[in-house]
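In the text below, chain A, chain B and the rest are named by the order of the sequence lines, each starting its count at 1. Please read these numbers as outputs of a predicted model, since none were measured by experiment.
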Amino acid sequence: MTFDLKKTVNLPSKDLPMKGNLAQTEPQRLKRWLEADIYGTLRTARAGRPKFRLHDGPPYANGRIHLGTAFNKILKDFIVKSRSMLGFDAAYIPGYDCHGLPIETKVVKELEGKLPNKGLAPTPIIIRREARAFAERHIRDMNRDFQRLGVLGDWDHAYRTMSYDYEADILRTLAAFVRQGSVYRGLRPVHWSIGAQSALAEAELEYKDVVDPSVYVAFPLATDPAAIAPELAGREVAVVIWTTTPWTLPANLGISFGPDFDYVAVEAPAPSGQGRHRTYIVAAKLLPALAQKFGWTNARVLATFKGSALDGQAARHPWLNRESKLMVGHHVTLEAGTGAVHTAPGHGMEDFLIGKQYGLEPYCPVDQRGVYTDEVAHFAGRQVFEANPDIVKLLRERGELVFAEDYPHSYPHCWRTKTPTIFRATPQWFISMDAAGLRQQALEAIGKVQWLPPWGEERMRNMFVNRGDWCISRQRAWGVPIAAVRCTACGTVHATADFMEHVADVFEREGADAWYIRPATDFLPPDFTCGHCGARDVEKEMDILDVWLDSGISWRIMERAGLAEATEPAADVYIEGSDQYRGWFNSSLVVSLGLRGHAPYRTVVTHGYVLDKDREKMSKSLGNVIEPQALIESGGADLLRLWTASVDYTDDVPISEEILARIGDAYRKLRNTLCYLVNNLADFNPETDAVPYTELFEIDRWALVETNELARRVRTGYEQYAFQAVYTALLNFCTTQLSSIYFDVLKDRLYTYAPKSYERRAAQTALYEIASSLIRLLAPILAFTADEAWEKLTRGQAGSVHLAEFPAYDAARAEPELRKRWETLLSIRSVVLKELEQERAAGRIGSALEARVDLRAGGRLYTLAEHYGTEALSFLFIVSQVTLERTEGEELKVQVQRAAGVKCERCWHYDTSVGADPMFPTICRRCARNVRLGWYPA
RNA sequence: GGGUCUGUAGCUCAGGUGGUUAGAGCGCACGCCUGAUAAGCGUGAGGUCAGUAGUUCAAGUCUACUCAGACCCA
């Protein structure tokens with residue numbers, strides 16, 4: 001009889017395959033999750049537990065997801081899944097931002113091709129219907145994309161800013177600010193298309209190269225020049241400004257200087273004077289270039305001073321009987337011009353802002369056709385661009401034109417009518433930051449929020465210290481209309497909170513389209529008359545609200561879903577990209593303060609942007625774009641998730657082929673670890689086969705103590721949103737503690753001892769607990785793989801791993817003495833391994849089992865080794881024999897010899913007992929016993 | 001130009017309050033094993049801590065500036 005000894009070796013099963021095949025298996029698993037509604041099941045199971053609320057910042061519903069949005073959603077999923085496994089009732093309601101310009105312009109372009117009357121702009125209601133359908137379509141696609149990432153949430157009830165109740169809430173938000181007294185109407189410069197006679201957004205501008213008049217204009221000083229510098233006393237001084245839009249000069253109200261730049265007053269020939277000289281002020285750094293341009297051959301510098309010396313002085317307008325205020329601001333640069341910046345607050349954004357600081361009106365004597373109003377002397381009724389040459393002529397006649405030339409540059413044009421645009425102050429709606437103390441409230445609230453990373457607090461604070469009033473009106477169609485009416489007779493605007501709330505109720509039933517469909521009278525009481533003039537006829541205000549107001553009220557959905565009370569922050573955490581300090585974190589804070597008096601969040605976490613290998617942004621032109629879809633198809637969503645965990649998300653994160661290759665390596669290491677665990681447990685039932693903790697081998701207990709420690713670190717990591725620390729801890733544990741130490745040592749015990757022997761069962765007991773812990777700790781990150789391993793480990797009896805909780809950290813199992821002992825033991829092991837490697841390099845051994853290790857040590861080291869035992873040490877070193885000799889002193893000496901005896905065919909150890917059992921002449925005594933025990937149970 | 005942030009081995013990251021030869025995992029090289037096998041194990045080589053100048057007995061760690069990159073604003 002020949003007995004096949006190979007069959008008596010307990011090799012691992014193949015229940016969990018090494019190859020993940022994620023592109024195929026993930027969609028199937030996803031389908032099962034959705035069919036079983038594991039999100040709903042989980043919420044039900046956790047009902048009554050403390051709630052944890054992550055509130056989703058709504059992505060814009062206009063495309064497929066990219067790496068940035070995927071990264072964002074995966075981070076959110078890490079948080080939700082881990083909080084749930086930490087025992088919380090963790091809700092996640094995703095959302096979508098629907099209104100706004102990108103969708104509107106997209107559908108307008110599509111519509112323009114289709115409309116019978118080419119060139120005619122589509123009506124708002126047509127735009128709105130198309131835009132809504134467009135958003136619906138993209139929400140469907142994005143829902144699928146996000147779910148494919150393994151993100152669990154209430155996808156069937158994702159909130160959308162265009163749903164009727166949400167639109168109503170947006171309008172109610174405005175009403176609340178009106179009631180609070182924060183809303184006012186005022187002028188603000190916007191890009192204006194003369195051709196279309198309408199306001200334009202940044203995205204609607206096309207830049208074209210044109211040639212404009214470039215003029216250098218003298219503004220005579222109106223105040224005493226000695227106040228600037230004593231050397232200038234009694235002189236005729238003028239400030240020289242530069243502009244390429246002479247038509248804005250009638251609206252000039254000031255001149256801006258850089259406070260820290262040096263300026264000079266130079267004596268130079270006046271343009272029209274026959275030998276007459278004048279004193280001009282320009283930036284010192286620009287003087288050489290300007291002197292050459294102006295032909296100032298022997299200009300004499302009379303004085304040098306900082307721009308701040310000019311602050312508060314005044315000049316005279318070159319032809320109008322008006323003062324021009326001298327101001328300082330940090331927007332002034334020395335890259336072009338004279339360092340003295342012509343400032344017309346009605347015709348420029350920076351001009352507007354600095355004008356506001358100095359109390360200047362956004363003066364704009366230009367009507368919607370681009371024509372000067374009657375109040376403009378010399379040029380009333382003229383179109384601004386046509387007036388340019390005459391303005392230059394007038395300046396020349398008055399002797400205030402220092403220099404003029406043609407100037408080619410790039411200038412914005414209206415994308416639709418292709419005409420050059422102008423900046424023009426128009427009536428807009430604002431929320432004041434100070435009227436009701438919003439700014440102060442915000443600064444206080446910011447201090448109470450936890451910011452992650454911590455510098456977020458300062459960034460946010462600076463934003464509120466500096467920000468101007470919030471301009472909330474837009475001259476667009478796709479959004480929530482500002483529900484106000486204007487008296488047709490006298491122009492008075494009626495915008496009361498009561499009226500808005502009434503309209504909001506209509507919106508809740510019919511959607512905001514009602515404003516466009518119904519006549520104004522439908523919203524007004526039958527007896528309405530204008531309180532100012534008594535007339536009855538009104539027209540509807542057609543501006544819509546800034547979409548930041550839309551998303552700013554999104555926390556309301558937490559209240560509507562019963563997840564938050566009005567008396568507390570609506571969410572525990574917001575997590576978005578760092579651009580949202582200015583965006584969503586900002587608008588949400590203002591809206592929540594206005595409506596609830598507190599911040600909508602307790603903690604704000606920010607993540608960086610996804611960049612390429614050189615940490616530069618991805619763009620089509622650079623050709624460095626990586627699509628999440630491609631990654632999912634080649635490696636699976638778990639690969640993307642693992643990458644997300646591996647990087648420091650608080651900073652910008654790099655991704656590249658190499659990085660993904662490394663992540664693939666890490667994935668395989670983790671998966672192989674799970675395979676080893678699960679596949680060596682195929683014949684193990686923890687209910688009936690487990691060995692008590694105290695009866696385990698010491699190395700088993702060490703592995704469990706290490707696992708316990710891992711649970712502590714990983715739980716803490718998840719609690720602190722430190723996913724990278726979690727990733728590192730898990731990967732290092734698998735690589736070092738498990739793969740290279742415990743698993744390697746354990747192979748002999750698992751494979752060669754009888755299947756049901758105490759030795760093997762002890763090993764499996766530890767493996768089972770390690771597997772159970774490790775899989776759960778990995779689950780938030782490797783959402784699919786962990787679930788697959790869990791299913792195999794629990795034979796499909798425990799439900800999805802995402803319903804489970806993390807293993808607890810057991811303080812009683814910390815075993816500090818054992819850990820300390822093992823630190824020493826493992827350091828001895830590493831000395832032995834080095835010695836073995838030398839023998840191998842010398843060609844004296846191959847496998848370590850060909851070796852015998854002779855240890856000589858004294859003191860503590862000897863005691864430790866002696867206590868652990870030479871046989872146990874031989875297994876720890878994976879050699880055939882170990883001897884131990886006591887010496888003087890602490891030093892450890894290691895010598896390696898060839899092992900005694902011959903190689904056992906079954907366990908591969910060298911042993912002198914091989915052949916002792918006549919029935920099995922090729923194997924050692926230990927193997928013979930196990931073969932009899934396992935395969936010949938007497 | 002302003003606000004905020006980042007720059008440590010090929011890659012991803014550790015390196016409280018400044019103090020011995022700067023660590024980990026992966027990758028790489030070489031070797032072993034062939035009973036975790038599209039696996040496993042071992043040993044080893046990799047760093048002027050972006051640069052410059054300072055402060056200090058002593059700096060990856062503090063200060064200033066420079067360079068490169070990111071977000072927001074202008």
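- Residue S740(A) places at least one side-chain N or O closer than 4.0 Å to OP1 or OP2 of rG42(B).
- Among the protein residues, R671(A) comes within range of no part of the nucleic acid, since none of its heavy atoms lies under 4.0 Å from any strand.
- Using a 4.0 Å heavy-atom distance criterion, G846(A) is classed as a sugar-phosphate-only contact.
- Between Y768(A) and F684(A), the ring planes are tilted. Angles from 30° to 60° get that label.
- Nucleic acid contact class of S739(A) (heavy atoms, under 4.0 Å, all strands): base.
- Residue ring and nucleobase are stacked for W908(A) and rG35(B), with a centre distance beneath 5.5 angstrom and an angle between planes beneath 30°.
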Review point. Pairing of RNA chain B as dot-bracket, 5' to 3': ( ) intra-strand, [ ] crossing, | other strand, . unpaired, with Watson-Crick or G-U pairs under 3.5 Å?
Key: (((((((..((((.....[...)))).(((((.......))))).....(((((..]....)))))))))))).

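- Using a 4.0 Å heavy-atom criterion, one finds that D614(A) contacts no nucleic acid atom at all.
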Exercise for review: Would you sort out whether Y727(A) and N732(A) count as a side chain to side chain donor-acceptor pair (under 3.5 Å), showing the intermediate values?
Suggested key: CA-CA 8 Å; Y727(A) 167 84; N732(A) 280 349; over 6 Å; no

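- In the set rC5(B), rA38(B), rC13(B), rC5(B) carries the atom at the smallest distance from any side-chain atom of D651(A).
- When heavy atoms are screened at a 4.0 angstrom cut-off, K747(A) is found touching base atoms of the nucleic acid.
- Applying the side-chain hydrogen bond (donor to acceptor under 3.5 Å, both in side chains) criterion to D614(A), with sequence neighbours excluded, gives no partner residue.
- Taken from CG in L677(A) to OG in S772(A), the straight-line distance is 10.5 Å, to the nearest 0.5 Å.
- Spacing between atom CG of N624(A) and atom P of rG69(B) amounts to 13 Å, rounded to whole angstrom units.
- Looking at the side chain of L731(A), the nearest of the listed nucleotides rG25(B), rG35(B), rG42(B) is rG25(B).
- At the heavy-atom level, R662(A) lies under 4.0 Å from base atoms of the strands shown.
- A close approach under 4.0 Å does not occur between any side-chain nitrogen or oxygen of T736(A) and OP1 or OP2 of rA24(B).
- Among the nucleotides rU43(B), rG40(B), rA70(B), the one closest to any side-chain atom of L833(A) is rU43(B).
- Taking the C1' atoms as reference points, rG40(B) lies 49 Å from rU52(B), given to the whole Å.
- Counted by atom type alone, Q764(A) and N680(A) present zero donor-acceptor pairs between their side chains at under 3.5 Å.
- Taking the side chain as every heavy atom from C-beta outward, T343(A) and M327(A) approach each other to under 4.5 Å.
- Side-chain contact check for H909(A) versus S880(A): some heavy-atom pair is nearer than 4.5 Å.
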Produce the list of close N/O pairs, under 3.5 Å, pairing protein atoms with atoms of nucleotides 2-4 of chain B; give distances to one decimal.
residue : atom : partner : partner atom : Å
rG3(B)  : O3'  : N462(A) : ND2          : 3.2
rG3(B)  : O2'  : N462(A) : ND2          : 3.1
rG3(B)  : N2   : R459(A) : NH2          : 3.2
rU4(B)  : OP1  : E458(A) : OE2          : 3.0

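- Remark: the Y742(A) side chain and the D700(A) side chain contain an N/O donor-acceptor pair separated by less than 3.5 Å.
- Residue contacts for Y727(A): at a heavy-atom cut-off of 4.0 Å it reaches no nucleic acid atom on any strand shown.
- In this model, a donor atom of one side chain and an acceptor atom of the other lie less than 3.5 Å apart for S739(A) and K669(A).
- Comparing atom distances between the L611(A) side chain and each of rU12(B), rU43(B), rA70(B) picks out rA70(B) as nearest.
- Nearest nucleotide to the side chain of K903(A), out of rC13(B), rC73(B), rU34(B): rU34(B).
- Heavy atoms of T752(A) sit under 4.0 angstrom from at least one base atom.
- Closest contact between the side chain of D652(A) and the listed nucleotides rA70(B), rC13(B), rG25(B) involves rA70(B).
- Nucleotides of RNA chain B nearest to R906(A) and I659(A) differ in position, and the one nearer the 5' end is that of I659(A).
- When distances are taken from the side chain of M18(A) to each of rC13(B), rA70(B), rA36(B), the shortest belongs to rA36(B).
- Distances shorter than 4.0 Å separate none of the side-chain N or O atoms of K613(A) from OP1 or OP2 on rU12(B).
- Using a 4.0 Å heavy-atom distance criterion, E905(A) is classed as a base contact.
- The side chain of R840(A) has rG42(B) as its nearest neighbour among rG69(B), rC13(B), rG42(B).
- Nucleotide rG46(B) carries a syn base; the chi torsion (O4'-C1'-N9-C4 or O4'-C1'-N1-C2) is within 90° of 0.
- Looking at heavy-atom distances under 4.0 Å, Y676(A) makes contact with a base.
- Residues Y721(A) and T650(A) have side chains that never bring a donor and an acceptor to within less than 3.5 angstrom of each other.
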Practice item. Carefully, step by step, assess T245(A) and H347(A) under the rule side chain to side chain donor-acceptor pair (under 3.5 Å). Key: CA-CA 10 Å; T245(A) 52; H347(A) 291 304; over 6 Å; no

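- Put simply, Q580(A) has no side-chain N or O that comes within less than 4.0 Å of OP1 or OP2 on rC72(B).
- Across all strands, P453(A) comes closer than 4.0 Å to no nucleic acid atom at all (heavy-atom distances).
- Residue K14(A) places at least one side-chain N or O closer than 4.0 Å to OP1 or OP2 of rU37(B).
- Close to rG40(B), at under 4.0 Å from its OP1 or OP2, lies a side-chain N or O of N672(A).
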